[in-house]
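Throughout, protein chains are lettered first and strands after them, A, B, ... in sequence-line order, and every chain is numbered starting at 1. Just so you know, these numbers come straight off a predicted model, no measurement behind them.
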Amino acid sequence: MPDLRITVASPAERAEREVPQGTTAADVVGGDRAVVVARVNGVLRDLTHVLADGDVVEAVRNDEPDGRAVVRHSAAHVLAQAVQELHPEAKLGIGPPIENGFYYDFDVDKPFTPEDLSALDKKMQAIVKEGQAFARRVVTEDEARAELADEPYKLELIGLKGGSDGSSGGEESVEVGGGELTIYDNLRRDGSRAWRDLCRGPHVPTTRAIPAFKLMRTAAAYWRGSEKNPQLQRVYGTAWESKDAQKEYLNFLAEAEKRDHRRLGAELDLFSFPDEIGSGLAVFHPKGGVIRKVMEDYSRRRHEEAGYEFVNTPHLTKGKLFEVSGHLDWYAEGMYPPMELDEGQRYYMKPMNCPMHNLIFRARGRSYRELPLPLFEFGTVYRYEKSGVVQGLTRARGFTQDDAHIYCTREQMAEQLDRLLTFVLNLLRDYGLDDFYLELSTRDPEKSVGTDEAWEEATETLRQAAQKQSLELVLDPGGAAFYGPKISVQAKDAIGRTWQMSTIQLDFNLPERFELEYQAADGTRQRPVMIHRALFGSIERFFAVLLEHYAGAFPPWLAPVQVVGIPITDAHVPYLQDVAAQLRARGIRVEVDTSDDRMQKKIRNAQKQKVPFMLLAGDEDAAKGAVSFRYRNGEQKNGVPVADAVAEVLDAVERRVQV
RNA sequence: GCCCCUGUAGCUCAGUUGGUCAGAGCAACCGCCUUGUAAGCGGUAGGUCGUCGGUUCGAAUCCGACCGGGGGCUCCA
């Protein structure tokens, strides 16, 4: 039998080898337990895959993205096997790997309980320990239908695959894919079949190659993501290449929970959601209010410097305005239902500020000399979010946008976008976010208005502006709003989570609908282009992001209480009050703790409130005209002359640094 | 909107199979203590157990509806 020539590739090198017929990927790149699958000619394959002449083979380890996904996918299979052993009536949905884990959907009579979950976890442990092999088997459609006669959802997937060959490629999933149908058998050590599932694969060689997993939660999910379909029970799990990697991930989750803005908002007395007001509608307490005020003040200042004009508009309007804007056609279900006044006149809460700003533009004739005209407003809007999606400050029903609309000529558009992106990114950096990427959302043909040409021009202009920023640019096909494409700035926070922050949207549509015009230099009337942009998105949401980013320990310029004076005994209260007065005179938010707690307790309280500076004073300090710093990290600096202490605090605030 | 979980003092939580089970800690308030870097001590007050119905001799405990909250689906700033 002639030998095969293959290439063994690794990030470091490529080596040609001659191997006998029948050589598998495992023969070439296996041996290391961390290698779970192989990449053959760029396609992930089982290690049992038999190589052909000319193949390029690459080992895929379980600690790289593709390898992790395979481990997770295999873990999903083990879950499904466990479910069908413990709940034989369960019908299988799909079970793909996802970011940080996997899920599997099941149709069961009764939703899983927490007890079910821990029983499943145990069963999975047993299966993993047993070391069952994942064996791939190619089947015909008829064979698959026969074998999976009891699995209605799998049959549906087979039907989908058979019916729409290559038409759009849209329904490809991990169960069925590519050119052939495959079933994976889970084989016990004695070769008998423990379980099987329709699956594209690939899989790890045996269940033992799933080093760490944990079932996380259950939830309902619609079959194939549509509300019209039945709801299945989804079990979420996580899986990793090692126990340590999993532990690290679980620690990350714990850290995220500690930073949850809903928790910190209550602990730090920043805001609340009184039941009496209604779901998704927040009130800001004094400490949250002052943070918000500082955020807004700084933003206003920067907008002023950048030449924005400030406007104000009402929260409520007659329905006609949203007929003109098209919101009632496109957005009605996101709006609060109307109130009927004055013989059937319908008034709506505004879900967006743009129509109002258009009225300001249109209030009188406009000249090309006024353009670009940027109108800015902290505009509060109300959106009727479905009850299941409301979530803290990040998804509220009432929120305030730092909203601006820039009216300009087509010629000005590109430069405006350019400057805008730079402005946005710099401002976000001032608030302490500095790790960004950009996302370009393009047209959803199902949900959009306007001509193809206009969309194309707008999209291209945005793309060019984005590319100048030397940031990563990600595409989001079909993600645009109905009136135009958008760029959004995604920011990474202190623990690596990304948040969508600012959005910049081009709009050729609203100027049309509102018949906006300006008079050009040649005397003709022209239609302006409109750019929508919000930096924070919503102040509430941005507030939440910063709160989580800083874990409540705001930098001094944002901290609600910047300095707490802590007297060693009551006798030192007047001394500290004098220090506080000096700070207050310079605009510092300072309190002196005059409660009858002991000094240690006062420190603990200030520490828990995450106050950036504690200033202590007892006899020793008072005698020298000094104070002693205690910082949030527990460090201290003793005997600092009062003038120096004041200067240090002021400096930190003015430079907006974190301490 | 749909599914699951959940709702006991301002906060975190105990309350066994429905029958002195309405409790604790922290916070608040009142005293005592006068103290050098994360909880000093004592006392007082505070809840129609989310709401409304139902089952029962009897419900925080069982059932239903509604209203919050959480996790998802979907959607989105």
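For the pair A:Asp444 CG and B:rC75 P, the interatomic distance rounds to 10 Å; values are reported in whole Å. A:Asp596 places its CG atom 13 Å from the C1' atom of B:rU35, with the value rounded to the nearest Å. Straight-line distance from the CZ atom of A:Arg604 to the C1' atom of B:rA27: 12 Å, rounded to whole Å. Between the CG atom of A:Asp275 and the C1' atom of B:rG7 there is a distance of 10 Å, given to the nearest Å. Atom CG of A:Leu232 is separated from atom P of B:rC2 by 18 Å (rounded to the nearest Å). When the P atom of B:rC4 is taken as reference, atom CG of A:Asp109 falls 13 Å away, rounded to whole Å. Whole-Å rounding puts the A:Tyr331 OH to B:rC76 C1' distance at 7 Å. Atom OH of A:Tyr575 and atom C1' of B:rG36 are 14 Å apart (whole Å).
With a 3.5 Å ceiling on both atom-pair distances, the Watson-Crick or G-U wobble partner of B:rC11 is B:rG25. When Watson-Crick and G-U wobble pairs are counted only if both distances are under 3.5 Å, B:rG36 pairs with no nucleotide at all. Of the nucleotides present, B:rG54 is the one that pairs with B:rC62 by Watson-Crick or G-U wobble criteria, both distances under 3.5 Å. Across all strands shown, the partner of B:rG31 is B:rC41, judged by Watson-Crick or G-U wobble contacts whose two distances both fall under 3.5 Å. Base pairing of B:rC2: its partner is B:rG72, meeting the Watson-Crick or G-U wobble criterion (both donor-acceptor distances under 3.5 Å).
Between B:rG72 and A:Tyr103, no contact under 4.0 Å exists linking OP1 or OP2 to a side-chain N or O. For the OP1/OP2 pair of B:rG70 and a distance below 4.0 Å, the side-chain nitrogens and oxygens of A:Arg262 include at least one atom meeting the criterion. For B:rC75, the OP1/OP2 oxygens have no side-chain nitrogen or oxygen of A:Arg395 closer than 4.0 Å. Distances shown here put every side-chain N or O of A:Lys602 at or beyond 4.0 Å from the OP1 or OP2 atom of B:rU35. Residue A:Arg598 places at least one side-chain N or O closer than 4.0 Å to OP1 or OP2 of B:rG40. Within the structure, a side-chain polar atom (N or O) of A:Ser279 is placed less than 4.0 Å from OP1 or OP2 of B:rG69. Between B:rA38 and A:Arg630, a contact under 4.0 Å exists linking OP1 or OP2 to a side-chain N or O.
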Apply the test side chain to side chain donor-acceptor pair (under 3.5 Å) to residues A:Gln500 and A:Arg541: give CA-CA distance (whole Å), side-chain angles for both, the deciding distance (0.1 Å), then the verdict. CA-CA 10 Å; A:Gln500 176 177 322; A:Arg541 188 180 133 91; over 6 Å; no
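Evaluation of atom-type donor-acceptor distances gives a pair under 3.5 Å for the side chain of A:Asp621 against the base of B:rG36. Taking only distance into account, the side chain of A:Gln600 never meets the base of B:rU37 through a donor-acceptor pair shorter than 3.5 Å. Taking 3.5 Å as the limit, the base of B:rA39 and the side chain of A:Gln607 contain no donor-acceptor pair of atoms between them. Side-chain atoms of A:Arg397 and base atoms of B:rA77 include no donor and acceptor less than 3.5 Å apart. Contact of A:Gln231 with B:rC2 (side chain to base): a donor-acceptor pair of N or O atoms is detected under 3.5 Å.
For A:Lys492, the NZ atom counts as loosely surrounded, since its 6.0 Å shell holds 12 or fewer non-hydrogen atoms of other residues, nucleotides or ligands. For A:Lys610, the NZ atom is densely surrounded, since the number of other residues' heavy atoms within 6.0 Å is greater than 12.
Position along RNA chain B of the nearest nucleotide to A:Ala571 versus A:Ser387 favours A:Ser387 as the more 5'-ward residue. Comparing A:Lys608 and A:Leu393 by the nucleotide of RNA chain B whose heavy atom lies nearest to each, the residue mapping closer to the 5' end is A:Lys608.
In this model, a donor atom of one side chain and an acceptor atom of the other lie less than 3.5 Å apart for A:Tyr236 and A:Arg234. Between the side chains of A:Thr380 and A:Lys350, no donor N or O sits under 3.5 Å from an acceptor N or O. In this model, no donor atom of one side chain and acceptor atom of the other lie less than 3.5 Å apart for A:Arg72 and A:Thr238.
Residue-level contact check: A:Lys228 touches neither bases nor backbone, having no heavy atom under 4.0 Å from any strand. Note on A:Glu540: nothing from the nucleic acid sits closer than 4.0 angstrom, heavy atoms only. Among the protein residues, A:Ala396 comes within range of the nucleic acid bases, having at least one heavy atom under 4.0 Å from a base atom. In this structure, A:Asn605 reaches neither bases nor backbone, as no heavy-atom distance under 4.0 Å exists between it and the strands shown. The residue A:Tyr236 sits close only to the backbone: its heavy atoms come under 4.0 Å of sugar-phosphate atoms, none of a base. Nucleic acid contact for A:Gln500: sugar-phosphate only, since backbone atoms but no base atoms lie under 4.0 Å from a heavy atom of the residue. The residue A:Gly334 sits apart from the nucleic acid: no heavy atom pair falls under 4.0 Å.
When the nucleotides B:rU74, B:rG40, B:rG36 are ranked by their closest atom to the side chain of A:Lys601, B:rG40 comes out on top. When distances run from any side-chain atom of A:Tyr222 to the nucleotides B:rA77, B:rC2, B:rG36, the shortest one goes to B:rC2. Taking every side-chain heavy atom of A:Gln391 into account, B:rG70 is the closest of B:rC4, B:rG70, B:rA77. Between B:rU37, B:rA77, B:rC73, one nucleotide has an atom nearer to the side chain of A:Ser628 than all others, and that is B:rU37. Closest approach to the A:Met599 side chain among B:rG36, B:rG72, B:rA77 is made by B:rG36 (side chain taken as heavy atoms from C-beta onward). Relative to the side chain of A:Val389, the nucleotides B:rU37, B:rC73, B:rG36 differ in distance, and B:rC73 lies closest.
Remark: the separation of the C1' atoms in B:rA27 and B:rG10 is 7 Å, to the nearest Å. Spacing between B:rU51 and B:rG7 at atom P, rounded to whole Å, works out to 13 Å. Rounded to whole Å, the separation between the C1' atoms of B:rU8 and B:rG40 comes to 31 Å. Comparing the C1' positions of B:rG53 and B:rG72 gives a spacing of 31 Å, expressed to the nearest Å. Going from the C1' atom of B:rA22 to that of B:rU16 covers 15 Å, rounded to whole Å. Remark: the separation of the C1' atoms in B:rA9 and B:rC49 is 10 Å, to the nearest Å. Across B:rA45 and B:rC5, the matching C1' atoms stand 35 Å from one another, rounded to whole Å. B:rC33 and B:rC41 have their P atoms separated by 16 Å, given to the nearest Å.
A distance cut-off of 5.5 Å between ring centres, combined with a plane angle under 30°, places A:Phe399 in a stacking arrangement with the base of B:rA77.
Just one of A:Tyr431, A:Phe543, A:Phe399 meets the ring-ring contact (aromatic ring centres under 6.0 Å, His included) condition when paired with A:Phe536; it is A:Tyr431. Checking each of A:Arg302, A:Glu296, A:Arg300 against A:Tyr298 for a side-chain hydrogen bond (donor to acceptor under 3.5 Å, both in side chains) leaves exactly one that passes, namely A:Arg302. With A:His532 as the partner, the side-chain hydrogen bond (donor to acceptor under 3.5 Å, both in side chains) test is satisfied by one option alone out of A:His405, A:Gln505, A:His357: A:His405.
The closest side-chain heavy-atom distance from A:Leu535 to A:Phe423 is below 4.5 Å.
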